[in-house]
Amino acid sequence: MAGVVFALSSLLLFQTVSSCPKECSCDTHAKVVDCRGRGLYDIPRKLHEDTLELYLQNNRLRGLGSMSFRETPQLQILDLANNSITTLSPSALLGLRSLKVLSLANNSIREVDRRLLVSIRNLTILDLSFNTIGGLPGALADSFHFLTHLSLHYNRLTKLDRIYLEALGNLKVLQLKGNPWRCDCHLIGLKLWLETFAFKGGVVDSVTCIQPHLMLERDLRHIPYELFHSCMITSYSYLFANIHYLDNKHRMLSGHLHPSPRAPSGSDFSPPGEALLPECEAKQRSRPVNYRRAIATVVITGVVCGIVCLMMLAAAVYGCAYAAINAKYQRELKKKAKEAGSGEERKNIEREEDKEPLE
């Protein structure tokens with residue numbers, strides 16, 4: 001009997017050891033597989049299905065094929081940072097429903113397929129920094145309701161729709177620096193969202209503008225709204241964004257605020273410095289003033305235009321009256337001249353008649 005038990009124990013031990021790839025080191029107790037810096041070109045095989053953490057940083061991976069992690073469906077942490085990944089299959093992460101942390105930092109990823117995000121809806125930390133991503137898929141707003149940390153710094157983002165961010169209700173830390181932001185009318189919505197996010201205790205590093213030249217090297221959050229007034233002439237998005245912002249602010253001031261969380265210490269996603277306190281945010285109170293200024297400007301402009309129109313009308317009436325009076329005066333002069341001429345002729349005839357009897 002003892003021999004049978006020993007044989008079964010040996011077999012289980014052999015299976016456990018054999019489930020760890022030879023290129024990696026495994027901790028069977030913590031269910032962690034460490035394959036960092038092994039010069040791997042492909043995802044290692046023969047991984048134990050109970051693996052919870054898989055570290056593949058500093059390798060030479062160039063892409064993720066379909067269902068690359070089908071052997072480890074219980075993965076919670078997947079780190080693929082500092083590789084040469086350029087392509088991601090839409091089904092590369094299929095089956096990883098328990099995944100909480102995903103890092104694809106420092107690769108060569110240009111775009112993220114919306115289908116890639118559908119299978120990892122329970123993600124809480126996503127690091128896409130140091131890539132060449134030029135835009136985010138629309139599925140971002142629908143997939144990551146539990147996301148708390150999002151890192152997008154040092155990519156090629158020029159704009160970011162606030163719709164993607166408003167759906168991330170649990171977001172606490174957002175990193176956006178190092179992107180070539182074009183701070184035009186399309187970024188007003190992002191500016192308003194960032195101020196609301198900071199007011200609620202969220203942490204943002206910086207959004208440094210590259211274009212236009214007037215806003216070069218300036219942080220979008222610190223640019224005064226007066227520089228965006230030209231957007232009101234060409235688009236109504238400015239007005240709609242302000243209305244939505246004021247509505248959110250009213251809701252927050254009505255008691256919907258929650259405590260300001262702090263970023264976890266030692267996290268790769270924690271930016272330097274602490275979040276600004278709500279009482280230090282002065283910009284949230286400047287929007288109504290801008291509304292009053294805009295209304296006052298419109299009223300004053302209307303009054304000035306009305307006065308100018310009245311002055312032009314008065315000048316026209318005066319000119320017509322002057323012309324009529326001058327014409328009447330000229331006619332009277334001509335009439336008097338004619339009358340004077342006829343009187344002289346009559347006097348001459350009478351003089352001639354008086355001379356005839358004397359002759």
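Because the structure is a prediction, the values reported are computed rather than measured.
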Do the non-hydrogen side-chain atoms of Val112 and Ile133 ever get within less than 4.5 Å of each other? yes
How about Lys328 and Ile325: do any of their side-chain heavy atoms sit closer than 4.5 Å? no
Got a second to check how far Ser84's OG is from Arg60's CZ, nearest 0.5 Å? 9.0 Å
Does the Asp127 side chain pair with the main chain of Ala105, one donor and one acceptor, at a distance under 3.5 Å? no
If you draw a 6.0 Å radius around CZ in Arg218, do more than 12 non-hydrogen atoms from other residues or ligands fall strictly inside? yes
So, does Arg70 use its side chain to make a donor-acceptor pair with the main chain of Met67 at under 3.5 Å? yes
Does the side chain of Leu56 come within less than 4.5 Å of Ile43's, by heavy atoms? yes
Ignoring hydrogens, what is the shortest heavy-atom contact between Ser68 and Arg45? Give both atom names and the distance. O-NH1, 3.7 Å
Can you tell me how far CD of Gln175 sits from OG of Ser151, rounded to the nearest 0.5 angstrom? 4.0 Å
Using atom types as modelled and distance alone, determine if a side-chain donor or acceptor of Asp50 lies under 3.5 Å from a backbone N or O of His48. no
Tell me whether the NZ or CZ atom of Lys191 lies within the 45° cone about the ring axis of Tyr225 and under 6.0 Å from its centre. yes
What do the steps show when you test Ser91 against Ser66 for side chain to side chain donor-acceptor pair (under 3.5 Å), and what is the final call? CA-CA 5 Å; Ser91 58; Ser66 178; 2.7 Å; yes
Would you check if Leu192 and Arg162 make a side-chain contact, meaning some heavy-atom pair closer than 4.5 Å? yes
Which is it for Val207 and Leu194 under the side-chain contact (heavy atoms from CB on, under 4.5 Å) test, yes or no, and what are the steps along the way? CA-CA 10 Å; Val207 182; Leu194 289 173; 3.7 Å; yes
Taking every non-hydrogen atom, the tightest pair across Leu160 and Leu165: CD2-CD1, 3.8 Å
Is it true that a side-chain atom of Ser119 and a backbone atom of Leu93 form a donor plus acceptor pair closer than 3.5 Å? yes
For the CG atom of Leu147 and the CD1 atom of Ile125, what is their distance to the nearest 0.5 Å? 8.5 Å
Non-hydrogen atoms of Trp193 and Leu174 that approach each other most closely: CZ3-CD2, 3.7 Å
Can you check whether Ile77 reaches Leu54 side chain to side chain, under 4.5 Å on heavy atoms? no
Do Asn83 and Asn59 meet the criterion of a side-chain donor-acceptor pair at a distance under 3.5 Å? no
As a test of understanding, state which of Thr301, Ile300, Ile307 forms a side-chain contact (heavy atoms from CB on, under 4.5 Å) with Val303. Ile307
Is there a side-chain contact between Val173 and Thr148, using heavy atoms and a 4.5 Å cut-off? no
Hydrophobic cluster identity match, Phe146 and Leu96, side-chain contacts under 4.5 Å: no
Check: Thr124 side chain, Lys100 main-chain N or O, donor-acceptor pair, under 3.5 Å: yes
Has Asn179 got a side-chain atom pairing as donor or acceptor with Arg156's backbone, closer than 3.5 angstrom? yes
Would you find a donor on one side and an acceptor on the other, under 3.5 Å apart, between the side chain of Asn155 and the backbone of Leu152? yes
What's the shortest heavy-atom distance between Ser108 and Asn131, and which atoms? N-OD1, 3.4 Å
Looking only at atom types and distance, does a side-chain atom of Arg182 sit under 3.5 Å from a main-chain N or O of Thr158, one as donor and one as acceptor? no
Pair Arg36-Tyr55, side-chain donor/acceptor within less than 3.5 Å: no
Are any of the side-chain nitrogens in Glu332 or Lys336 under 4.0 Å away from the carboxylate oxygens of its partner? no
When rounded to the nearest 0.5 angstrom, what is the spacing between NZ in Lys159 and CG in Leu136? 12.0 Å
Tell me whether Tyr154 shares a hydrophobic cluster with Trp181, the cluster being built from Ile, Leu, Val, Met, Phe, Trp, Tyr side chains joined at under 4.5 Å. no
Full working for side-chain contact (heavy atoms from CB on, under 4.5 Å) between Asn170 and Phe144: CA-CA 9 Å; Asn170 294 313; Phe144 298 146; over 6 Å; no
Reported CD-to-CD distance for the pair Glu71 and Glu49, which is rounded to 0.5 angstrom: 10.0 Å
Pair Leu128-Leu102, side-chain contact (heavy atoms from CB on, under 4.5 Å): steps then yes or no: CA-CA 9 Å; Leu128 295 172; Leu102 174 62; over 6 Å; no
Shortest non-hydrogen contact from Cys35 toward Leu40: CB-CD1, 3.9 Å
Taking atom SG of Cys183 and atom CG of Asp219, what is their separation to the nearest 0.5 Å? 8.5 Å
Give the C-alpha distance, both sets of side-chain angles, the deciding distance and a yes or no for side-chain contact (heavy atoms from CB on, under 4.5 Å) between His153 and Phe130. CA-CA 7 Å; His153 59 287; Phe130 293 96; 3.5 Å; yes
Taking Gln74 for the side chain and Leu52 for the main chain, is one N or O donor matched with an acceptor at less than 3.5 Å? no
Hydrophobic cluster membership, Ile223 vs Val204, 4.5 Å side-chain cutoff: yes
Hey, does Leu220 have a side-chain heavy atom less than 4.5 Å from the side chain of Leu187? yes
Near Glu111 CD, under 6.0 Å, is it more than 12 heavy atoms from other residues, nucleotides or ligands? no
Of all heavy-atom pairs linking Asp79 and Gln57, the shortest is OD2-NE2, 3.0 Å
Would a 4.5 Å heavy-atom cut-off, applied to side chains only, mark Leu150 and Leu168 as touching? yes
Would Leu94 and Ile109 show up in the same hydrophobic cluster when neighbours are defined by side-chain heavy atoms closer than 4.5 Å? no
Do side-chain atoms of Asn58 reach the backbone of Gly37 as a donor and acceptor pair under 3.5 angstrom? no
